[in-house]
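Computed from heavy atoms alone, side chains included, the values below leave out hydrogens, waters and symmetry copies. Bear in mind that the values here come from a model prediction, so they are computed numbers and not experimental data. Below, read A as the first sequence line, B as the second, and so on, with proteins coming before strands; counting in each chain starts at 1.
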2 protein chains.
Amino acid sequence: MNITELESEKLEKAANMLKAIAHPMRIAILSFLEGDTKLTVTEIHERLGIEQSTTSHHLGILKDKGVLCSQRDGKNTFYFLKHESLSKLVDCIGQCTCSE
Amino acid sequence: MNITELESEKLEKAANMLKAIAHPMRIAILSFLEGDTKLTVTEIHERLGIEQSTTSHHLGILKDKGVLCSQRDGKNTFYFLKHESLSKLVDCIGQCTCSE
DNA sequence: TCAAGAAATGCAAATATATAAATATATTGT
DNA sequence: ACAATATATTTATATATTTGCATTTCTTGA
């Protein structure tokens, strides 16, 4: 495998997505959202036990990097996984870290 | 799912492993090492086209975080994936970023 | 023991990230 | 329009990461 300029764009994208996920709170968020679960910012910030603004920031990062989608419903905004394959990635991470 | 203190340790570990992987050059390194491939530092730094010391640094991070193992053979040091499940993770990342 | 090749380390500068407090925006019900 | 609730944004500070140069360590062959 050779690193062409085209491929370096792909690598950049993959790295950005992984960087978005690679944070304890954000992994926890993804684990909450496995399957088709949709949760609001408040539900997530209460479960995590961190500031609302910090939670919103984390969710913004995950959305910006294509990991999550959001959907407004009145005062609430629900967040959920963008692709089903991301559930698989979360599982995979779990496996990789358990088999240490 | 609730975040207990025990679980927060697991999250920390998972995040550290992902953080180690979440870099364009390091993803490229992992893609080189899929399967049972073993490569030396020089081979990797030449393929990546970056400094030897930078390459060594990246490899050190991956080794430190439990992603790679190394094996000395004379002047050379070969690096390879620590667990087979990491090949799966690399594939998974590829899938997640292609289906965008 | 010495020279050469291979890899690792220390260092410094630039850049990026995380966090929370304060503030702003959006939406609903009255 | 106003109060209340839910989210998002701004800002500042602290901390971490990336990179290459220079240097050092480790190993082999002469």
Are the side chains of [X] and [Y] in touch, meaning some heavy atoms are under 4.5 Å apart?
| X | Y | result |
| --- | --- | --- |
| A/His58 | A/Leu48 | no |
| A/Ile27 | A/Val90 | no |
| A/Thr77 | A/Thr40 | no |
| B/Thr97 | A/Lys10 | no |

Between C1' on D/dT17 and CG on B/Asp64, what's the gap in Å once rounded to a whole number?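 That distance rounds to 14 Å.
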Gap between atoms NZ and C1', on A/Lys75 and D/dC2 respectively (whole Å):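 The distance from NZ of A/Lys75 to C1' of D/dC2 comes to 13 Å, rounded to the nearest Å.
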Heavy atoms of chain B, cut-off under 4.0 Å: which first and last nucleotide of DNA chain C, 5' to 3', fall inside that, if you could look?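 Footprint of chain B along DNA chain C, 5' to 3': C/dG5 to C/dT9.
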Any sub-3.5 Å donor-acceptor pair from B/Arg26's side-chain atoms to B/Ala20's backbone N or O?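 Such a contact is found between B/Arg26 side chain and B/Ala20 backbone.
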Have a look at [X] and say if it touches a base, only the backbone sugar-phosphate, or nothing, with a 4.0 Å heavy-atom cut-off.
| X | result |
| --- | --- |
| A/Thr42 | sugar-phosphate |
| A/Tyr79 | sugar-phosphate |
| A/Thr55 | nothing |

Find which nucleotide of DNA chain D each of A/Phe78 and A/Lys19 is nearest to by heavy atoms, and output the residue with the more 5' nucleotide.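 Of the two residues, A/Phe78 wins.
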Given that B/Ile61 and A/Asn76 both sit by DNA chain D, which one's nearest nucleotide is further toward the 5' end?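 First, find each residue's nearest nucleotide; the 5'-ward one identifies A/Asn76.
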Output the distance between atom CG (B/Leu86) and atom CD (A/Gln95), rounded to the nearest 0.5 Å.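 One finds 10.5 Å between CG of B/Leu86 and CD of A/Gln95.
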Of A/Met25, A/Glu43, A/His45, the residue whose pairing with A/Thr55 passes side-chain contact (heavy atoms from CB on, under 4.5 Å):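 The single option meeting the side-chain contact (heavy atoms from CB on, under 4.5 Å) with A/Thr55 is A/His45.
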Scan nucleotides 19-22 of chain D against the protein and return all N/O pairs shorter than 3.5 Å with their distances rounded to 0.1 Å.
residue, atom, partner, partner atom, Å
D/dT19, OP2, B/His23, NE2, 3.1
D/dT19, OP2, B/His58, NE2, 2.9
D/dG20, OP2, B/Thr54, OG1, 2.7
D/dC21, OP2, B/Glu51, OE2, 3.3
D/dC21, N4, B/Ser53, OG, 3.0

Residue B/Glu46 excluded, over 12 heavy atoms near CD under 6.0 Å: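 Buried by this count: over 12 neighbours within 6.0 Å.
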